[in-house]
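Atom set for the values below is all heavy atoms of this structure, side chains included, hydrogens, waters and symmetry mates excluded. Here is how names work: the chains are called A, B, and so on, in the same order as the sequence lines, proteins then strands, and each is numbered from 1.
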2 protein chains.
Amino acid sequence: MIPKKSTYADDKKVLRVVSINVNGLRASEKKGLFDWLATSDADVVCMQETRINPEQWTDKFKPTGWHTHLFPAQKAGYAGTAIYSRLPIKSVKTGLGFDIADTQGRFICATFDFGIGIDVNIASLYLPSGSSGDDAQARKDVFLQEYAKILKQWRDDNQSMIICGDYNIVHKRIDIKNWSGNQKASGCLPHERAWLDHIYDELGYIDSFRAVRDEPFLYSWWSNRGQARAKNVGWRIDYHVCTPDWQDKIVGAWVYKDAWFSDHAPVVVDYRLSID
Amino acid sequence: MIPKKSTYADDKKVLRVVSINVNGLRASEKKGLFDWLATSDADVVCMQETRINPEQWTDKFKPTGWHTHLFPAQKAGYAGTAIYSRLPIKSVKTGLGFDIADTQGRFICATFDFGIGIDVNIASLYLPSGSSGDDAQARKDVFLQEYAKILKQWRDDNQSMIICGDYNIVHKRIDIKNWSGNQKASGCLPHERAWLDHIYDELGYIDSFRAVRDEPFLYSWWSNRGQARAKNVGWRIDYHVCTPDWQDKIVGAWVYKDAWFSDHAPVVVDYRLSID
DNA sequence: CTTGCTAGG
DNA sequence: CCTAACAAG
C-alpha cells in the first residue's frame, strides 16, 4: 500500500506523479481507475494507451478537481496519451515533431510553475511496441533514434523534466522475470536495452524508480495470457525518466501491482519540491 | 412451460420440431442452449445464424445422441444454418441453387423416413435481413422471388415439408407489437407481408403456429435495444411453414420466450406422425 | 445493444 | 488473452 502524502513531514512540498498505461481509458474507467486515483493522493497522472477519441472523452473521464489534457491518435481507438493534474498547468505541448509521435498521440507534456525557480515539465510518453513483427520493430527503432535526439536537446537546454510512460523496453536482468527466455523478444532486445543505457549513462537521465528501489520482482506489466500477473511473471517497462536535478529529490517509488484496471500497474514516484 | 412429450397418449407418434435463430452458436452455447435442448424433448432442431466455421464447430457443439449437420456461409462468423436430430436422417441437402442461399449457408434440409409412406423434409431457412439499407432490402427481395419459385416447385412435386426458420418478415398485425410504427421498417413492409400471403393463400402452405394458436402478443424476436424483450415489444418472424399434409397433424405450438440464449426465442411445434 | 472479425498489443 | 473498431443484424 502506498502511503498518504500526509505521512511526510511537509506534504505540501511533495509532488506525487503516477504513470499508468490504462490499456483503454473506457475499459479502465469501468474497472475503477478513477476510484483508485481519488484515493491515490496523486498530483499529476500520466496516462498512455488511452484509446479514446475526443468525442468519446465525456465528463465521466474528467473528475472534478482535475485539469485534464488528452492527445489522441488520428486513428480511432488506438494509442494516445493524456495528462491529468490537480495542480495548475502553465502550458501543454503535444507531439515531438516527428511522424508517429505526432499522428499516434504518443507524447504530451505539461509545464508547471512550482515556484522553485525553474519550469518543470512532466510528460506522458507511449513508445511503440515492436512485438507485432519486423515492421513494427523497425518503426520502434526509428522512434528511439528520433527521440534520443530530443532527449539530448533537452539536456543541452538544461530543461527540468520527468518523462513518465510506457517505454516498452526492460532495462536490466532485474527488470524481467524470464530474462533468458526473452532475449529475442521485442522489448528485451540487446539494442533496445543499450538505448536505455545510453539515455541514462551518456545523457545523464535518471530512472526515478531504481534511484530508490533496488529489489527484484517489481514489474509494471504482465501478459494477459495464462496466470502471468498472479504468478508475477512480469516486465518493468513503465518508467519515470527524469533529469539529474531530481536526483536527490526522489523520496519514494512504488509499483501498485494490486491496482488491476489494466495489464499494466501504476508506477508512483514522490518528488520533493524545494529550492536547493 | 412446454409440456413433455410423455403427456401425449402415444408420444412415440409425436414429432417435436424446434426452430431457433441462435445469433451465434458459440454465444448461445455459453448461455445454455444445449442445456435447454436436453430438457426440451425436441426430435429435430433447426438453427439459423449459427455464425460458426466448420473448424470451430467442435465436440461441445455436438452433444451425444444427436445427428448434427452444419451449412456454414463462406464468410467466417456470418449467417449459416444447421439441423440437429435425435432421429435418423436419410439424407441432407444444402443450398437452394441460387447465389446467397448457397454461399451464405441459408438453407439446409434433412430428409426423414418416418414410416408414414412418404419422405418428410425438414429444413432450416435463414432469410436475409433487409434492415441495413436499400441494397440489403434489394437482395432480400431477390431471395424472396427466387425462393417462391422453389416453394411452388415443391408443391407441384407433392413434397411433404416443414421449413422452419427466420423469415425476417412479420405476417399480420397480430404478429408485431408496434404495427403502426413499423410500416416502413424492413420486415414489416407491405410487399414482404404480401409475399407471405402468397405462400399461404396461393401456394397452400400453412403457418403451423397460427394453425393452432390465435392469441396476440406471441413473438419470436425482440430488439436488443432498451428493454424490448422485458416489455414484450416483439415481432413474430420465426416460422414453421409446412405443406398441407400436416394441416390436421399439428397438435401444439409454443414460443419459449424465457429461453434467453439469443435475441430470438425457440419456436416449438408438435406434429402427429400417422398414416391417415 | 449484440455477435463475431480484425488489428494491435 | 484483452481492447476497441467494424460489419451485420
### Any donor-acceptor N/O pair, Trp195(B) side chain to Leu144(B) backbone, under 3.5 Å
yes

Gap between atoms [atom1] and [atom2], on [X] and [N] respectively (whole Å):
{"X": "Asp166(A)", "N": "dG8(C)", "atom1": "CG", "atom2": "P", "value": "17 Å"}
{"X": "Glu49(B)", "N": "dT3(C)", "atom1": "CD", "atom2": "P", "value": "11 Å"}
{"X": "Asn21(B)", "N": "dT2(C)", "atom1": "CG", "atom2": "P", "value": "16 Å"}
{"X": "Tyr126(A)", "N": "dG8(C)", "atom1": "OH", "atom2": "P", "value": "12 Å"}
{"X": "Trp235(A)", "N": "dG9(C)", "atom1": "CH2", "atom2": "P", "value": "14 Å"}
{"X": "Phe261(B)", "N": "dT3(C)", "atom1": "CZ", "atom2": "P", "value": "14 Å"}
{"X": "His264(A)", "N": "dC1(D)", "atom1": "NE2", "atom2": "C1'", "value": "14 Å"}
{"X": "Arg106(A)", "N": "dG8(C)", "atom1": "CZ", "atom2": "P", "value": "11 Å"}

Any idea how [X] and [Y] line up, ring-wise: parallel (<30°), tilted (30 to 60°), or perpendicular (>60°)?
{"X": "His264(B)", "Y": "Trp221(B)", "value": "tilted"}
{"X": "Tyr167(B)", "Y": "Tyr239(B)", "value": "perpendicular"}
{"X": "Tyr147(B)", "Y": "Phe107(B)", "value": "tilted"}

#### Entry: Pairing of Asp207(B) and Arg236(B) as salt bridge, 4.0 angstrom limit
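Here Asp207(B) pairs with Arg236(B) in a salt bridge, since their nearest N and O are under 4.0 Å apart.
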
### Nucleotide of dC1(D), dG8(C), dC1(C) approaching Asn224(B) most closely (side-chain heavy atoms)
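Nearest to the side-chain atoms of Asn224(B), counting from C-beta on, is dC1(C).
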
### Message
Taking the side chain as everything from C-beta on, heavy atoms only, tell me whether Phe71(B) gets closer than 4.5 Å to Ser124(B).
### Response
no

### Task
May I ask you to test the Asp238(A)-Val255(A) pair for a side-chain heavy-atom distance under 4.5 Å?
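Result no, sub-4.5 Å side-chain heavy-atom pair not found.
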
### Query
Taking only N and O in the side chain of Lys75(B), is any of them less than 4.0 Å away from OP1 or OP2 of dC5(C)?
no

#### Entry: Short side-chain N/O contact to dG9(D) OP1/OP2 from Ser132(B), under 4.0 Å
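Yes, within the criterion.
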
Pairs under 3.5 Å (N/O, protein and nucleotides 3-6 of chain D):
from   : atom 1 : to       : atom 2 : distance (Å)
dT3(D) : OP1    : Lys31(A) : NZ     : 2.4
dT3(D) : O2     : Arg51(A) : NH2    : 2.6
dA4(D) : OP1    : Ala27(A) : N      : 3.3
dA4(D) : O4'    : Arg51(A) : NH2    : 3.3
dA4(D) : O3'    : Arg26(A) : NH2    : 3.2
dA5(D) : OP1    : Arg26(A) : NH2    : 3.1
dA5(D) : OP2    : Arg26(A) : NH1    : 3.3

